[in-house]
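To start, the structure itself, in structure tokens.
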Amino acid sequence: MSTFISSPHTLFTNNVTRIMLLVVAALIPGIAAHIYFFGIGIVINSIICIVTALLCEAGMLKLRDRPLWPFLTDGSAIVTALLIAIGLPSLFPMWLAIIATAFAIIIAKHLYGGLGNNPFNPAMVGYVLLLIAFPKDMTLWLAPHAAGPAVDFVSTLQFNILGQLPVIAHFDAITMATPLDTVKTELGTGLTVSQIVTNHPHLADAMFGKGWDIINLLFLLGGIGLLYKRVITWRIPVSMLITIAIFASIAYASNNTLHASPLFHLLGGATMLGAFFIATDPVTASTTPRGQLIYGCGIGIFTYLIRNYGSYPDGVAFAVLLMNLAAPTIDYYTRPRVFGHHPGTSS
Amino acid sequence: MLAAILALAILAIIFGLLLGYGAIKFKVEGDPVVDQIDAILPQTQCGQCTFAGCRPYAEAIAKGEADINQCPPGGETVILALADLLGRDPKPLNAEHGTHGEKTVVIIDEQVCIGCTLCIQACPVDAILGAAKHMHTVIKSECTGCNLCIPPCPVDCIHIVPVGTTLQTWTWPSPRDEHVHSA
Amino acid sequence: MSIPRKLWRIHGGLHLPGHKAESMQQPITDAPVPPELILPLQQHIGNVATPIVNVGDRVLKNQIIARAEGYVSVPIHASSSGTVIAIEPRVIPHPSHLTDTCIVIATDGKDEATPVAAVLSDYRQMDPAELRNRIRDAGIVGLGGAGFPAFIKLNPGPQLKIHTLILNGAECEPYITCDAMLMQEQPRAILDGLRIMQHALHAQRCIIGIEDNKPAALQALQAALHTDEHTLIEIVAVPTLYPAGGEKQLIKTLTGLEVPSHQLPASVGVICHNVATAYSIAQAISHQQPLIERIVTVAGPAIPKACNYRVRLGTPMKYLIEHTGASPSLPARLIMGGPMMGFAINDLQTPVIKTTNCLLALTSQELPKTQFELPCIRCGECARACPAQLLPQQLFWHAHAKDFDKIQDFNLFDCIECGCCSYVCPSHIPLVQYYRFAKTEIWAKEREKSKSDIARQRHEFHLQRLERKKREDEERKRKKKEMLDKVTQTDSAADAKKAAIAAALQRAQAKKATQASPQNVEHLSEQQRQQIDEIDKRRANPSTVASQPGKDNES
Amino acid sequence: MTEYALILVSTILVNNFVLVKFLGLCPFLGVSRKLETAMGMASATTFVLTLSAVLSWVVNTYLLAPLQLEYLQTLTFILVIAVVVQLTEMIVHKTSPLLYKVLGIYLPLITTNCAVLGVALLNIQQEHNFIQTFLYGFGASLGFSLVLILFAAMRERIMVADVPTPFKGASIALITTGLMSMAFMGFAGLIKG
């Protein structure tokens, strides 16, 4: 008990754990759809990542001589682990997931001082590590539904933990590049969008890319829930989505044989997950109102550029890290006008 | 070979002229950094930094002859401010020069003072008042707490007293120092 | 009937549970005069008042016992009749729990007042300057919280034209109802006070701002308003939103004007006073009644029957709390002021002073269980709640790192310490304390800085003096040598002797002169000269000097 | 026109000298403690880099190449750079004594900033013309300035973070540089060639 007590003398109305648990809850619909389309793998990956994250967190707290209980129960490590797991293919070697999560928690989070101090989104650091170092494993996505019975719980477990593929299946038979990846690769070979769709009929299903659109829509739903609960604000997701939409529309309008439609970009890949769950991580995002708009725009621009012109199929993770990099500078230049100060003379 | 030597010589001459012109055009007088360093120092003039006063210490820092952690009265605050000004990494106070303690002033025990004026001569800020063979007294508001008057006193009549906290000087403690949250 | 008025929205703010009904069940009750009154010399912002009574003096109620010192100061009156038993340091209501000089009066129970002089009491025939003097002599300060001398706020100076006078009846903090009850019970006196202030300021219009959760107060004031005054005085309901009652926030809500940073409301032509101040001014002008009592809300879960009391200034809090029927021991937390901005009191002997609007006694159930703070996660809730549109988390990071330059860069001093940021913080960081820490540290730094500047000057002067002395010594030696040379040249032994004697005499005299007069007396302030005079007096005291000679010989 | 724009984009982002080519790391780590200082360093380096790139190209094209003295390239370029740095140092000393003090040893050390010599040599190697040279140098310095400023703002945040003691200072700065570099790998393939 301290000698000098400062006001306010009230009970607290909010806490970090509540925020983190709400984020986890909002992820559930999207994860459910994920299971439906790509099998039980995501659950196994999630469990592996969460266990790794909590172990690393506990180890680092112990090493840094910090109290374990308040930081293990704050929920931030679980969110990080989940965000990594959601981005992984269902059939994915366990040791890679462990490396990514450990890297995220130890290097990207605790070397900077743990919760609240990390300049980069730990989940995205871990994820980008995998993208750069193990690109091949990251593209082995199961074909939606198709391989359902072939890759049941036991065989997924077998592969993820022991590295053995079920006897009945052959890798090429059950995996398939993601829609974003397909379009990009085939555009590279000189085909037009309509030709690609003809070659890959599943891309024509529903709204471009079977399964991915539903997953994205459910993440959008979860995101709206977070907005409603005032866990996140609208600025970052809206500015990011609008930027992607604008860029994609301009490209699509100028030449629809070489560019996929805006809807394809909005509901493809990790767009919605990124917009509502990754970019909005308050620790690493910009915090000023104007800054958040710029931050969201930046992520939108980089995502679109990397998707269309870079070497990686999806750009959300890189875009988030790049804007994490810029967030302190953005904050510095977008301070809001303080009460009683003239506009323009912020300090 | 000759061409190479000539080419280099020509280049050297042109660049030499350019630099010579620049040296005249952008001539700098004085060293304003000393003033800025001096402004940060607490001006106790105590000499614990091994220099004759705050300004000589400031000059030494500017020249790179002294480190920024030699000022015990200034303590952590001064070190941080100097590190910030000079773009260096802050470091802990060098214990060789003393420790940072509570702010103090001295008082003269007027019953014991013999009026020798030695302390008057020692005081760097003329904060001791008195005449020969009359007892002396310290102007409390001007005393910097350098304690330089204590060694010369032949009768040990000068005592160190803490300044103490009043309503006007009380400060809120930082919650961070109070119940160290996790550190 | 109020004219609909466009209201402006302030940034941020909170909807807090009001807890106002509890203490509004009963009318304002007189608290009895306690056996001992403790009156701190500083109950206002500005210079400490100077006591003009001595221990043992009998004083009457309303009698001035400490006079104002300098311009920014007000006198202090005895709250009841009795005997001054001590003028000594006692615990005063302050977050530091420090002691300060108080005049302690043992009351005699007669409550005998000084005779009221028969003077003009119609304010309309008084000059603003006279009004201000009478308000000052009545010891009136802002009763809303800060305690700034009220008369100064009625004297904006000739260059500032005041167009709007605002009466602050918002009272936005939870639990506190002293202003609301006063408005309900004394609307006429409050309006009188408002008219007096309007007269003193020549304000073109007056607005009374009241939060819309106090319909009874609104109605009472409306009813008391003269029919021909509706164009001059507006009574406006403002939305209940903490901190709507902050001075700058209320001005913004009512007029749309933003008081510039580091400036007073008068700079935009607005003056804002508290309703209780208006009431006291009416009492002072119409009834020659100085400020010796105020309304105090005593509330909180630890108080069985919350109520508003009319309390004599100087009443120890213990006496007041006992009077309410609550347990006389210290509750889990006793707060002077509201839960959002008040400060904790940890000694029940602390007296009620002019700025004590509420005593809030909380049990441990209303307080957070743990003190553990998590790191800031930059969620930005604080920035959304901040009525000053600051970035509280940036302020926090810099206060945490003790980077006082940066924190001022983020406009620390525009923070009004309303507590909204701490209230919403999910990491439970005591943000306001961090800002208070930084503010008080910065002030301390500034004091140290000005002190070190003086020390630097004095040191430079000291060095110059040493230099000059050295030069003079050399000069003297040279002169002496010259003179000796001259003397030997004249070849007149007698003359030389005479001259030498004369010179020696002169030297002796000069030496005597320098010895007797103290050294280093240049550049001294008035205060220091006084200090020196005192010291000289001590010196003249034979007992002190008597102890000296023996030692003198030794040296 | 597109070609020139691509040179700029390429040198600023895709082939950023600091984070992708790992040139000029010394001042990048040395003067990124404070945002203001970083800006001073950024402008000084921009000035030196652009000017020395252009001057080196001029010296090479009109002096060394006609006389077939290309083997003296490294020597003369270092001379050119040293002179430009000296000049910059004088100007900074005169106009902003504090910046001069704060930049300290790093100001003359621009001479040994390998990005500066690297740009001068790469210009010749890639057979750039005058405008390309200018843009290449200018783009490289902008890229350097951009990441330096971003890094400085980030470091100010890291400075107040609860970094474990063994990682305080240079070590966490190097780790951060690594992570920044990872982020910049996202630009890979953005511009072919």
Side-chain angles (χ1 to χ4, degrees), chain A residues 1-20 66-67 69-71 73-74 76 112-119 230-233 235-236 280-289 291-292 327-328 331-332 334-342 345-347, chain C residues 10-11 16 95-97 174 248-249 252 258-263 333 335 337-344 346 360 362 366-368 371-372 374-381 383-384 387-391 393-394 409-411 414 417-420 422-428 430 432-433 436:
Chain A
M1 191 74 177
S2 56
T3 335
F4 305 104
I5 305 156
S6 177
S7 59
H9 312 272
T10 51
L11 290 171
F12 299 116
T13 51
N14 197 358
N15 65 68
V16 175
T17 313
R18 176 184 161 268
I19 293 177
M20 296 296 172
R66 298 289 187 273
W69 192 243
F71 287 103
T73 52
D74 67 23
S76 60
Y112 288 96
L115 178 69
N117 291 303
N118 47 303
R230 290 174 48 96
V231 171
I232 58 172
T233 53
R235 287 191 181 82
I236 293 174
T280 51
D281 166 30
V283 178
T284 56
S286 176
T287 50
T288 60
Q292 291 184 335
D331 277 359
Y332 187 83
T334 56
R335 286 187 252 167
R337 183 191 71 94
V338 175
F339 186 95
H341 287 253
H342 285 294
T345 55
S346 60
S347 56
Chain C
I10 56 165
H11 183 269
L16 298 171
S96 65
H97 315 308
K248 291 183 172 184
Q249 279 66 33
K252 166 97 188 207
E258 257 183 37
V259 181
S261 171
H262 296 285
Q263 287 191 39
R333 195 171 292 175
I335 296 157
M340 296 301 283
M341 292 185 72
F343 52 85
N346 64 2
L360 182 60
L362 298 179
E366 290 78 42
L367 296 169
Q371 288 269 321
F372 191 83
L374 279 171
C376 167
I377 57 165
R378 299 182 200 269
C379 65
E381 283 296 329
R384 282 190 281 284
Q389 287 153 266
L390 293 161
L391 291 174
Q393 54 177 352
Q394 290 298 336
D409 213 31
F410 280 90
N411 300 305
D414 285 307
E417 299 175 19
C418 64
C420 290
S422 302
Y423 185 82
V424 297
C425 179
S427 293
H428 306 174
V432 176
Q433 190 180 344
R436 286 181 171 151

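In this text, all values refer to a predicted model and were calculated from it rather than measured experimentally. A note on names: the letters A, B, ... follow the listed sequences, proteins ahead of strands, and every chain is numbered from 1.
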Residue from Leu391(C), Leu362(C), Leu390(C), Leu16(C) scoring the most non-hydrogen pairs under 4.5 Å with chain A is Leu391(C)
Could you tell me which non-hydrogen atom of Gly340(A) sits nearest to which non-hydrogen atom of Glu258(C), and how far apart they are?
N-OE1, 2.9 Å
Honestly, the part of Gln263(C) sitting under 4.5 Å from a heavy atom of chain A is neither
Name the member of Cys418(C), Gly380(C), Ala344(C), Gly337(C) that forms the most heavy-atom pairs with chain A at distances under 4.5 Å.
Ala344(C)
Between Ser261(C), Cys379(C), Gly338(C), the one whose heavy-atom pairs under 4.5 Å with chain A are most numerous:
Ser261(C)
Measure Pro174(C) against the heavy atoms of chain A and call it side chain, backbone, both or neither at under 4.5 Å.
neither
Indicate the atoms forming the closest heavy-atom contact of Val16(A) with Ser427(C), along with that distance.
CG2-OG, 3.4 Å
Drop me the distance from Ile377(C)'s CD1 to Asn118(A)'s CG, to the nearest 0.5 angstrom.
10.5 Å
Residue Cys425(C) versus chain A: region with a heavy atom under 4.5 Å:
backbone
Hey, does Arg335(A) have a side-chain heavy atom less than 4.5 Å from the side chain of Asn411(C)?
no
Does any heavy atom of chain C fall under 4.5 Å from the side chain of Leu115(A), the backbone, both, or neither of them?
both
Select one option (side chain, backbone, both, neither) describing which atoms of Lys248(C) are under 4.5 Å from chain A's heavy atoms.
both
Do Gln389(C) and His341(A) touch side chain to side chain, with heavy atoms closer than 4.5 Å?
no
Under 4.5 Å from any heavy atom of chain C - which part of Thr233(A)
side chain
Which atoms of Val259(C) are under 4.5 Å from chain A, going by heavy atoms: the side chain, the backbone, both sets, or neither?
backbone
Keeping His428(C) on the side-chain end and Asn14(A) on the backbone end, is there a donor-acceptor pair under 3.5 Å?
yes
Kindly give the heavy-atom pair with the smallest separation between Arg378(C) and Gly116(A), and that separation in Å.
NE-O, 4.1 Å
Tell me, side chain or backbone of Arg18(A) under 4.5 Å from chain C's heavy atoms, or both, or neither?
neither
Which atoms form the tightest heavy-atom contact between Tyr423(C) and Pro8(A), and what is the distance?
N-CG, 4.2 Å
Applying a strict 4.5 Å limit to non-hydrogen atoms, the region of Ala388(C) in contact with chain A is both
As an exercise: rank Gly342(C), Ala383(C), Pro387(C), Cys376(C) by heavy-atom pairs under 4.5 Å with chain A and give me the winner.
Gly342(C)
